[in-house]
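The next block holds one structure in the form of structure tokens; read it before the comments.
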Amino acid sequence: MNEAPQNVRLIGGEMLLWSDADDPVDWRGAGLELVRRLLPAEGRVLLAGPHPQALVDAVAARAESVAVLVRSYPDACALGERHPALTVHCGRLRALTGEEPYDLVLALDGLQRTSSAEEPAPAWRTSLDALAALVAPGGRLVLAVANDLGIDRFVEARPPDREGGDGQWEPHGFDPSHPRGSGPLDRALEASGLAVDRCYAAYPGRRAPRALLGRELLERNLPEALTVPLSARGGDTMRVADPLRLSRLAFRHGLGEQLAPAWVAVATRPGDAGDVEPPPGDVELPPGLIEVGRAVHEITPEAIRRLPGGAARPIPRGRVVEELLVEACAREDVRAVRELLAKLADWVTDGGEATVDNLVWDGEHFAAVIPVPAPATAPVARVLLCRILWRFAVRLLAAGHHHPWPWPLAADQLTLTLCGMAGKPCDQADLDLARKLDAELGQPAEVPDASPTYRDLLGARDRLADQLTAALARVARLETKLTYRERELVRARAKVRRSQRKVAAYRRTLGYRLSRRLVHPRKVARRVKRMLSR
């Protein structure tokens, strides 16, 4: 074991040959913005559990006194070398005692990876009590809790215990103290002596949250436009359902909070007098934060504002264009698709620009959900339209939706077909420019060819079912033919036995024996002549 840096303290339960650094929760824009607002100008901050490097760097650069608690000894040494000013505690959470309480405690990875292999896994409630004891009066705790029944569980085909990451070395199983919803999470925090300031629902996934929505937003009827950036994307997982459509249905039925992939609770420890003291800086928590592309936006019940310093703009009303096109394709209404695409082409020609899944239609006008920053060089309208339809084609094929054009088996062919239906024919060169523009604007659409999609699984299953049906039919025909042949063989053997009995009886008759003697008359004549000559 190498010598630890001077700022690394071993507290017991450290895991010497283990690392959690390659599998932290990927908190980026929305999570960093929330942490930035909560960081006290003067005070002590503790990060409990593994956190992404960008978040640790941001906290270490802004906070006056920062401590980190990790169970992995290699991770602790790496943090100590990277940030000499940090105090790094290496070991299990319950061994961190005798410390002065902290003004802000961050546990955005949850509590599961704060225990060690050197002890039996404690109950979730036990770990929460140990963590809450580290919060100073008037200080805040930011805790993330994964939802075992989140919407990402319905989308992903693999069970969570088959992910194979370091965090799955000891799944928590059916821990009765693990909160079963945001309400039980509030009650658990209150039982630990904390008052809940706000509880956010994290979307689109527990491993890579990009949006935080407060309860006051989820209790309202969220506009259809906001469900687009809250849906899981990417082609590196095995999907069993369309995440975008599933997210829309969840919000449409008021289940956004119950089916959130994770909850992020911000709680304050009351002061000695029993009242909740304002935290250092007295910041106002945002109702919601969402990351789109490389920008973070703050969401209010009626408007959305880009950070920092952007002007508030109302959330557009209407239906998402992608869903309108998917529904028209499902019922093979080619006329409706052509009319909507023609209006979209006219809108793009007049100066509008957005991806088709970032666009709503109210029956008269198109509007972008969250405006996309313009590229450095303005492309022609034909390339912009080709980019919009390219993203839609990728989404349509990756999600396994039905469409009335069975011959385009690839997204490129389907894109060129849709461009022709919009009245703006494009060629392969325009499509290459559209893909290059899509990559320049961020979050490019990618064809998920590295892993099977829902459509691929259905096609493979249908092909195997057809082959199995044909094989079973052939086996049935062969079995019928074999049974018939066996019956024919039995009849033939019986006929042979009857013939053998008849032949044996015939051979015993006098006429047969005489005929056998007279079969060769010349031979008989020679014998008679030989007898007479004697």
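Because only heavy atoms are used, hydrogens play no part in the values below, and waters and symmetry mates are left out as well, while side chains stay in. Numbers for residues simply follow the sequence, beginning at 1.
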Worksheet entry | Verdict with supporting geometry, D333 and R338, salt bridge (charged side-chain N to carboxylate O under 4.0 Å, His left out) | CA-CA 9 Å; D333 191 349; R338 182 181 293 109; over 6 Å; no
Fill in: Rounded distance (nearest 0.5 Å) linking atom CD of E291 with atom CZ of R28
6.5 Å
Worksheet item: Does H365 reach the main-chain N or O of G363 with its side chain, forming a donor-acceptor pair under 3.5 Å?
Response: no
Worksheet item: Considering only heavy atoms from C-beta outward, does the side chain of L359 approach that of L344 to under 4.5 Å?
Response: yes
Worksheet item: Between E298 and P287, what is the shortest heavy-atom contact and its length?
Response: OE2-CD, 3.9 Å
Practice prompt. Report yes if some heavy atom in the side chain of L307 is under 4.5 Å from a heavy atom in the side chain of E33; otherwise report no.
Written response: yes
Worksheet item: How close do C329 and W405 get, heavy atom to heavy atom, and via which atoms?
Response: SG-CZ3, 3.8 Å
Fill in: Nearest non-hydrogen partners of P204 and P261, listed with the distance
O-CG, 3.3 Å
Worksheet item: Are I290 and V296 side-chain neighbours, meaning at least one heavy-atom pair lies under 4.5 Å?
Response: no
Discussion item. Check whether R198 reaches the backbone of L285 with its side chain - one donor and one acceptor, N or O, closer than 3.5 Å.
Written reply: yes
Worksheet item: Is Y203 reaching over with its side chain to a backbone N or O of G256, donor-acceptor style, under 3.5 angstrom?
Response: yes
Discussion item. Working note: R140 + V105, criterion side chain to side chain contact (heavy atoms under 4.5 Å, CB included); need CA distance, chi angles, decisive distance, verdict.
Written reply: CA-CA 6 Å; R140 270 180 166 156; V105 177; over 6 Å; no
Fill in: Spacing of L108 atom CG and L47 atom CG [to the nearest 0.5 Å]
8.0 Å
Item to complete: Take R435 and D432, measure what salt bridge (charged side-chain N to carboxylate O under 4.0 Å, His left out) needs, and give me the verdict at the end.
Response: CA-CA 5 Å; R435 282 201 292 260; D432 294 339; 2.8 Å; yes
Worksheet item: If we ignore angles and hydrogens, is there a donor and acceptor under 3.5 Å between the side chains of S72 and D20?
Response: no
Discussion item. Do H178 and V145 have side chains that approach each other closer than 4.5 Å (heavy atoms only, starting at C-beta)?
Written reply: yes
Worksheet item: Got a salt bridge between K343 and E364, using NZ or NE/NH1/NH2 to carboxylate O under 4.0 Å?
Response: no
Worksheet entry | L131 side chain near L111 side chain, heavy-atom distance below 4.5 Å | yes
Practice prompt. Would you give the length of the straight line joining atom CZ of R474 to atom CG of L472, rounded to the nearest 0.5 angstrom?
Written response: 12.5 Å
Item to complete: Starting from the C-alpha separation in whole Å, work towards a yes-or-no answer on side chain to side chain contact (heavy atoms under 4.5 Å, CB included) for R317 and D362.
Response: CA-CA 7 Å; R317 302 287 172 171; D362 60 2; 5.9 Å; no
Worksheet, complete the sentence: dist R113:CZ -> S127:OG (nearest 0.5 Å) comes out at 14.0 Å
Worksheet item: Please walk me through it: do R210 and D26 pass salt bridge (charged side-chain N to carboxylate O under 4.0 Å, His left out)?
Response: CA-CA 9 Å; R210 296 293 178 264; D26 188 16; 3.0 Å; yes
Worksheet entry | Full working for side chain to side chain contact (heavy atoms under 4.5 Å, CB included) between R215 and D186 | CA-CA 12 Å; R215 284 194 180 120; D186 293 349; 2.5 Å; yes
Worksheet entry | Modelled atom types, side-chain donor and acceptor of E332 and H402, under 3.5 Å | yes
Discussion item. Minimum heavy-atom separation for L416 and C426, please, with both atom names.
Written reply: CD2-O, 3.5 Å
Discussion item. So L217 and T300, do their side chains get closer than 4.5 Å, heavy atoms only?
Written reply: no
Worksheet item: NE2 of H403 to CG of L396: how many Å apart, nearest 0.5 Å?
Response: 5.5 Å
Item to complete: Write down the atom of W390, the atom of A411, and the distance for their closest heavy-atom approach.
Response: CZ3-CB, 3.5 Å
Worksheet item: Is there side-chain contact between R382 and T349, with at least one heavy-atom pair below 4.5 Å?
Response: no
Worksheet entry | Residues which pass ring pair (Phe, Tyr, Trp, His ring centres under 6.0 Å) with F366, listed by chain and number, not counting sequence neighbours | W347, W361
Practice prompt. Taking all heavy atoms of D75 and all of A21, pick out the closest pair and write down the distance.
Written response: OD2-N, 3.3 Å
Fill in: More than 12 heavy atoms from other groups under 6.0 Å of CZ on R331
yes
Worksheet entry | Stepwise side chain to side chain contact (heavy atoms under 4.5 Å, CB included) check, L34 with W27 | CA-CA 10 Å; L34 179 64; W27 289 100; over 6 Å; no
Worksheet item: Testing E486, E488, K481 for side-chain hydrogen bond (donor to acceptor under 3.5 Å, both in side chains) with Y484, which one passes?
Response: E488
Discussion item. Please determine whether salt bridge (charged side-chain N to carboxylate O under 4.0 Å, His left out) holds for the pair E323 and R319, giving the CA-CA distance in whole Å, both sets of side-chain angles, and the decisive distance to 0.1 Å.
Written reply: CA-CA 7 Å; E323 188 168 10; R319 297 201 61 192; 3.5 Å; yes
Worksheet item: Under 3.5 Å, is there a donor-acceptor pair between the side chain of R306 and the main chain of H297?
Response: no
Worksheet, complete the sentence: Here the gap from L341 atom CG to C419 atom SG, rounded to the nearest 0.5 Å, amounts to 8.5 Å
Discussion item. Is any side-chain heavy atom of Q258 closer than 4.5 Å to one of L255?
Written reply: yes
